[in-house]
Amino acid sequence: MNEKSESSESASHKNFIEVEIEKDMATKTELIGKHVATRFPPEPNGYLHIGHAKSICLNFGLAKTYGGTCNLRFDDTNPTKESEEYVNSIKTDVQWLGFQWDKLLYASDYFGQLYDWSVQLIREGHAFVCDLNAEQMREYRGTLTEPGKNSPYRDRSVEENLDLFTRMKQGEFPDGARTLRAKIDMSSPNLNLRDPVMVRIMHAHHHRTGDQWCIYPMYDWAHGQSDSIEGITHSICTLEFENHRPLYDWFCKTLKIHHPRQMEFARMNLSYTVMSKRKLLQLVTEKHVSGWDDPRMPTISGLRRRGYTPESLRLFCEKIGVARFSSLIDVIVLENSIREHLNPIAPRYMAVLDPIKIVLTNYPEGKEELLEAVNNPEDPNGGSRQIPFSRELFIERDDFMETPPSKFFRLKPGGEVRLRYGYIIKCNEVVKDSDGNITHLNCTYDEQTKSGSPTAIDRKVKGTIHWVNARQASHVEVRLYDRLFLSETPEDAPEGKTFLDNINPDSVRTVTAVVEHELAKQEPGARVQFERNGYFCVDVKDSQSNAPIFNRIVTLKDTWAKIANKA
RNA sequence: UGCCCCGUGGUGUAAUUGGCAACACAAGUGAUUUUGGUUCACUUAUUCUAGGUUCGAGUCCUAGCGGGGUAGCCA
């Protein structure tokens with residue numbers, strides 16, 4: 001049973017679900033000789049987001065840990081909201097995350113079985129056809145504090161129920177005219193037990209069963225039964241289904257079928273992010289983002305396009321843990337997970353996002369030399385490359401300050417800085433146009449300080465900055481993404497405002513960067529580090545051949561920014 | 001308002017099930033560093049409150065306080 005510690009994570013502790021599963025498998029007689037069976041059961045009515053990733057990692061992870069199985073099952077019981085498009089995107093996302101299901105299944109596969117079981121419950125007096133409309137049913141249900149009243153149709157004979165239910169199936173009645181309800185207890189303190197609707201009439205085309213059915217089961221009357229049919233041992237879902245568990249149990253018990261154990265965990269809340277399908281949809285339809293796969297979206301497809309790796313998302317899900325307390329995860333944890341994955345593997349390049357020119361006045365005009373640059377200091381086998389160096393270069397505008405604060409280790413008038421892989425230079429003159437804007441900086445370089453040369457060791461400077469050779473620079477589009485929301489909890493908007501008012505107006509900034517030649521040749525999907533800037537990914541959708549567009553996945557940690565902000 | 005669930009450093013999770021409160025991240029300090037990155041070291045707690053049981057309580061009991069869920073023919 002030590003497979004858990006064999007997987008990549010470092011001796012992590014068991015979560016409460018693992019503890020319970022191990023207890024169940026060891027003690028429950030009906031589970032003896034069986035393997036752990038879980039499932040990931042999305043409704044195909046939207047795109048998967050990072051919150052689903054938690055559930056996916058949990059369910060598939062459990063199966064892996066205990067040598068069991070995990071199915072992908074679509075809970076497609078509401079044809080008006082579902083489509084093939086969503087089915088396909090969900091399959092893509094699950095596989096991209098690195099998981100392979102044991103079986104691919106649909107709740108709609110079980111409509112026939114569910115119908116037969118409905119008939120069984122009617123025969124046994126556990127279900128009845130009700131003629132109350134939606135509004136009347138709400139009245140009869142009672143409230144949180146008052147018990148409900150029995151439906152006037154509750155005591156119909158088995159024969160009448162059977163007849164009516166058959167005719168419901170045959171399409172004799174319009175939508176909403178009747179429902180099949182479980183006969184439980186209208187005075188139960190748990191509202192889910194007040195004779196819940198099992199089957200409703202819906203003359204709608206289903207993306208898989210077509211027009212075969214005009215009655216469709218409700219979630220409660222499909223989910224547990226599907227679990228049961230598939231031999232699921234542990235049915236793991238989020239906390240909002242907690243109050244449904246007694247009903248889940250009631251159906252299995254009353255039907256006398258295999259009875260999986262439902263366990264609930266807290267859904268993920270991420271700071272500076274909204275996660276509800278409704279709000280994500282609103283962001284898309286109202287064009288606050290470019291689509292479901294906009295790199296700022298918390299959808300799997302958005303994170304993928306942004307440049308997040310499956311490994312980083314799995315790592316993230318491992319880090320946040322699983323519990324029953326509804327917590328708020330700091331988005332920094334997400335950002336760190338991609339830094340952690342990319343740091344040892346992403347090749348480094350120099351790219352200047354906001355260029356300012358420097359002229360090395362003592363460097364011979366027309367001379368050019370090649371400097372050796374390490375591809376990745378974290379990777380001993382990463383090798384090196386040659387980059388051209390000459391009299392005119394670009395550096396980052398932020399790396400020069402005319403009147404810098406203390407502890408500014410970069411270029412300043414009269415100050416020195418090292419050009420990465422090159423020389424130490426000194427800024428002698430700030431050249432401005434008539435409007436007072438800096439046009440370029442006149443600097444001198446010290447030949448003795450060339451990187452790697454024995455004489456270079458003699459002198460040290462505090463700062464090293466990146467640069468790009470002016471004459472041979474390539475120009476590429478770079479999209480600088482930031483958080484989509486300004487507020488830690490965007491949903492908490494003040495009176496009269498909504499989460500949309502918390503949108504960050506600068507969540508994306510597009511710039512043309514001057515970069516090393518090598519960067520212009522990167523293929524879509526490639527992930528690199530721009531030294532001192534961050535990790536970037538070549539956009540898969542908008543890049544043209546020989547014209548990559550870079551998405552900033554995440555900046556590097558920036559302790560200078562912290563120091564500067566304090567001052 | 002009824003019922004259900006949950007409260008452990010700033011954040012997220014642990015604690016051999018009643019026996020020295022631990023890990024990661026964040027924050028801070030220092031070291032290393034030709035990325036203000038990486039790496040390394042060190043620093044940060046009345047376990048929501050009040051009672052109770054016990055030799056001993058984060059863990060069990062009671063009450064309070066706080067947070068979440070729940071009144072679709074959605075899932």
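Judged by the 6.0 Å and 45° rule, A:Arg156 forms no cation-pi pair with A:Phe128. Figure legend: A:Lys169 and A:Tyr115 shown as a cation-pi pair, the cationic atom lying under 6.0 angstrom from the six-membered ring centre and within 45 degrees of its axis.
One atom, CE of A:Met263, and another, P of B:C5, lie 16 Å apart when rounded to the nearest Å. Atoms CZ (A:Arg339) and C1' (B:A26) sit 12 Å apart, rounded to a whole Å. A:Glu396 places its CD atom 13 Å from the C1' atom of B:U35, with the value rounded to the nearest Å. B:U32 atom P lies 10 Å from atom NZ of A:Lys460, rounded to whole Å. Regarding A:Leu239, its CG atom lies at a distance of 17 Å from the P atom of B:G67, rounded to whole Å. Put simply, CD1 on A:Ile17 is 13 Å from P on B:C6, counting in whole angstrom units. Atom CD in A:Glu318 sits about 13 Å away from atom P in B:C25, given to the nearest Å. Taking atom OH on A:Tyr349 and atom C1' on B:G37, their separation rounds to 18 Å, with Å as the unit.
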Tabulate below the donor-acceptor pairs under 3.5 Å that side-chain atoms of residues 324-336 of chain A make, not counting sequence neighbours, or state none.
residue, atom, partner, partner atom, Å
A:Arg324, NH1, A:Glu264, O, 3.0
A:Arg324, NH1, A:Glu264, OE1, 3.0
A:Arg324, NH2, A:Glu242, OE2, 2.7
A:Asp330, OD1, A:Ile332, N, 3.0
A:Asn336, OD1, A:Arg339, NH1, 2.8

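Across the P atoms, B:C61 and B:A75 are found 37 Å apart, a figure rounded to whole Å. B:G58 and B:A22 have their C1' atoms separated by 13 Å, given to the nearest Å. Rounded to whole Å, the C1' atom of B:C42 lies 46 Å from the corresponding atom of B:C4. Separating the P atom of B:A45 from that of B:C5 is a span of 33 Å, rounded to the nearest Å.
Close to B:A26, at under 4.0 Å from its OP1 or OP2, lies a side-chain N or O of A:Asn336. A:Lys557 has a side-chain polar atom (N or O) that falls below the 4.0 Å cut-off from OP1 or OP2 of B:U38. Phosphate contact (OP1/OP2 of B:G36, side-chain N/O of A:Arg410, threshold under 4.0 Å): absent.
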Would you tabulate the nitrogen or oxygen pairs shorter than 3.5 Å linking the protein to nucleotides 71-75 of chain B?
residue, atom, partner, partner atom, Å
B:A71, O2', A:Arg141, NE, 3.1
B:G72, OP2, A:Arg141, NH2, 2.7
B:C73, OP2, A:Arg141, NH1, 3.2
B:C73, N3, A:Gly176, O, 3.2
B:C73, N4, A:Leu132, O, 2.6
B:C73, N4, A:Ala134, N, 3.4
B:C73, N4, A:Gly176, O, 2.9
B:C74, OP2, A:Arg200, NE, 3.2
B:C74, OP2, A:Arg200, NH2, 2.8
B:C74, O3', A:Arg200, NH2, 3.1
B:C74, O2', A:Asn78, ND2, 3.0
B:A75, OP1, A:Thr77, OG1, 2.8
B:A75, OP1, A:Arg200, NH1, 3.2
B:A75, OP1, A:Arg200, NH2, 3.0
B:A75, OP2, A:Tyr219, N, 2.9
B:A75, N6, A:His244, NE2, 3.2

Sort me out a list of protein N/O and nucleotides 27-31 of chain B N/O pairs below 3.5 Å, or just none if empty.
residue, atom, partner, partner atom, Å
B:A27, OP1, A:Lys562, NZ, 2.4
B:A27, OP2, A:Lys562, NZ, 3.4
B:G28, OP1, A:Lys566, NZ, 3.3

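Ion pairing of A:Glu369 with A:Lys450 is present here, as a side-chain N (NZ or NE/NH1/NH2) and a carboxylate O approach within less than 4.0 Å. One finds no salt bridge joining A:Asp109 and A:Arg73 here, because no Lys/Arg side-chain nitrogen approaches an Asp/Glu carboxylate oxygen to under 4.0 Å. We find that A:Arg194 and A:Asp185 are not joined by a salt bridge, their nearest charged nitrogen and carboxylate oxygen being 4.0 Å or further apart.
How far OG of A:Ser228 is from CH2 of A:Trp117: 5.0 Å, rounded to the nearest 0.5 Å.
A:Tyr216 is not listed as a side-chain neighbour of A:Thr77, based on a closest heavy-atom distance of 4.5 Å or more. For the pair A:Cys537 and A:Phe550, the minimum side-chain heavy-atom distance is 4.5 Å or more. Using a 4.5 Å cut-off on side-chain heavy atoms (C-beta onward), A:Ile395 and A:Val352 make no contact.
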Q | Heavy-atom protein contacts under 4.0 Å, nucleotides 12-20 of chain B, coded B base, S sugar-phosphate only, - none | A | SSS--B---
Q: Show the numbers, then the answer: is there a ring pair (Phe, Tyr, Trp, His ring centres under 6.0 Å) between A:Trp467 and A:Phe394?
A: CA-CA 5 Å; A:Trp467 53 274; A:Phe394 289 114; over 10 Å; no
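Residues of residues 419-426 of chain A that place a heavy atom closer than 4.0 Å to RNA chain B, in numerical order, are A:Arg420, A:Tyr421.
Heavy-atom nearest nucleotides on RNA chain B were determined for A:Thr145 and for A:Lys462, and the one closer to the 5' end corresponds to A:Thr145.
Among the duplex regions that RNA chain B forms, those built from at least three successive Watson-Crick or G-U pairs under 3.5 Å are B:2-7 with B:65-70, B:10-13 with B:22-25, B:27-31 with B:39-43, B:48-52 with B:60-64, ordered by first number.
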